[in-house]
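Working notes, beginning with the structure itself.
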Amino acid sequence: MDRFYNAPGAVVDEILRAMAATAPVRVAEPESGLRILIRRDWDKADQGQRQVAILSGGGAGHEPAHAGYIGEGMLTGAISGSLFASPSVEAVLAAIREVCGAAGCLLVVKNYTGDRLNFGLAAERARGEGLDVAMVIVADDVAIEDAPQPRGIAGTVLVHKLSGYLASRELPLDVIRERAEALCQRMGSLGMALSAAAQPGQAAAERSPELGLGIHNETGTREVDPHSADEAMQLVLEPLRDALSERQLSGPWIAMLNDLGSCSIQEMGVLAASLFNQLGVDQIAHLIGPAPLMTSLDMHGFSLTLLPADDEVVEALTAPTTAPAWPGLHAARVPARFSPDTRQDHEALADDAPQDPATSALLERVIATLRQSRAELDALDAKSGDGDAGASMESGTESIAKALSARRLNTEALPLMFAGIGQLLSRDMGGSSGVLLSILFTAAAASLDQRGDLQKALAAGVEKMQAYGGARPGDRTMLDALVPAIESLQRGETLSQAAQAARDGAQATAQLVRANAGRSAYVPESALRGIVDPGAEAVARVFEALTHDRDA
């Protein structure tokens, strides 16, 4: 099992059943075999006398479209077919009959043959029954140049919103249809996918990344090979702007960034940043998304829709709606900035700081040891955590190395050196280990300032680490090596004996199969057995580096 489906044929009904359980909609009786959802509060004999009903739909697999856009100010109802297949004429006609009052009904249809035929025939039959029905066909895809029948894709959602807004203002059917058609002429959309959608119960098709891949897995306009989000956005943005420019359309734009199915929030955020960088904040008046708006099952891709930001459209898109899937329209602006206050309690780091050659040499030895240990610490961490312990240690180490090389770290006065190391680690090391070690050195520096006793200062630092971090010896953390080493020094033992205590403590963590703190606390016991904690291993190596060719 690689996807959370039950029977492939039941997917659409299960999706609609779940939505109907929570959304303010009415759903067609299952026995009817028709997949229709209607606003729960809609009464064609009441609202339908004053307001045009707005219906849309098509094949399933594009969720949240179309049922997610049912609500006051958007769709009156939606008709769903099977996955990537148009609903039947009977389903569309039944929906028209359910919602159409004296004010009439507008059908918003994506430009696919099945949808045009089935919605079109249903509209004709409804007119034969005396119902006032009009249809708008959305063809916003610019992927194929001079295509006789451009496809309708994500821009359809904007037509839903405009039409629903105009209907809520009780404008007549002909006016709503004209304005919706005008909107269709003023917008364009283009998508890109790194991989095609996989139908439930089927393996994903092996295809190269494509520009203009259709939302039903139709072949795109060409294969592409983007190496970054910036390249991908450029490949989409340039032909889209060219196509709109040929229609004499220009910005500032309303931009809609749509997730086609399986992009992460982080990917969509990076794509949005790339859009702002390439198009310019001054050319983006408003942004819709990034969000899944018109998806294609699990297709790994995105689409971009551009529309000139005229006042009428902005008013319609910013108007309130109860439709649960509408993400809203957000004004774009140059980010407001401020200068953070980065002052320290005392200037531990200073230009041309005094240097003690022996202490500096010890620091350089520790730095070299941790640099050499990165791969081994990462490998240990990969077995019990997220595999970045060595990289984290190296980031802190390199920060200290730069300060030492620039003579900004005072190695002549231990309180200032410890305080400086604490500042560097809090700023550059990151992660919980960086914060904890910063606490150790910062607290030790304060204690040295007050008492001047190195052993008591280190003990005070460890005490603060435990107080803020919540870990204790035996919890499978760096404390399992650090505490025995410092206790050894407090007993008056040599640095070599303290290093051995740290080594023994680190080795003992291999027998600790229950972690109560750190990333290892989320790992099963079987993954910890026989594995030395990487934080404890790093501490042991630091103490061993300090004792190299030296016996205190």
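Atom CD1 of I70 sits about 7.0 Å away from atom CE of M19, to the nearest 0.5 Å. Distance check, rounded to the nearest 0.5 Å: SG of C184 to CG of D140 gives 7.5 Å. L173 contributes atom CG, which lies 8.0 Å from atom SG of C105 (distance to the nearest 0.5 angstrom). Expressed to the nearest 0.5 Å, how far CD of E178 lies from CG of L183 amounts to 14.0 Å. Taken from CD in E124 to CE in M135, the straight-line distance is 8.5 Å, to the nearest 0.5 Å. K44 NZ to T76 OG1: the interatomic distance, rounded to the nearest 0.5 Å, is 13.0 Å.
The closest donor-acceptor contact from the side chain of Q278 to the backbone of D230 lies under 3.5 Å. A donor-acceptor pair is defined here as one N or O able to donate and one able to accept, closer than 3.5 Å; no such pair exists between the side chain of E31 and the backbone of E29.
A tilted orientation is assigned to the rings of Y69 and H160, their planes being inclined by 30° to 60°.
Salt bridge status for R177 with E181: present, with a side-chain N to carboxylate O gap under 4.0 Å. Taking 4.0 Å as the cut-off between side-chain N and carboxylate O, D310 and R186 count as a salt-bridged pair. A salt bridge between E129 and R97 is present, with a side-chain N of the basic residue lying under 4.0 Å from a carboxylate O of the acidic one. Checked for salt-bridge contact, R17 and D13 miss the test: no charged N lies under 4.0 Å from a carboxylate O. Between R241 and E238, no side-chain nitrogen of the basic residue sits less than 4.0 Å from a carboxylate oxygen of the acidic one, so the salt-bridge criterion is not met.
A side-chain N or O of R35 and one of S82 form a donor-acceptor pair less than 3.5 Å apart.
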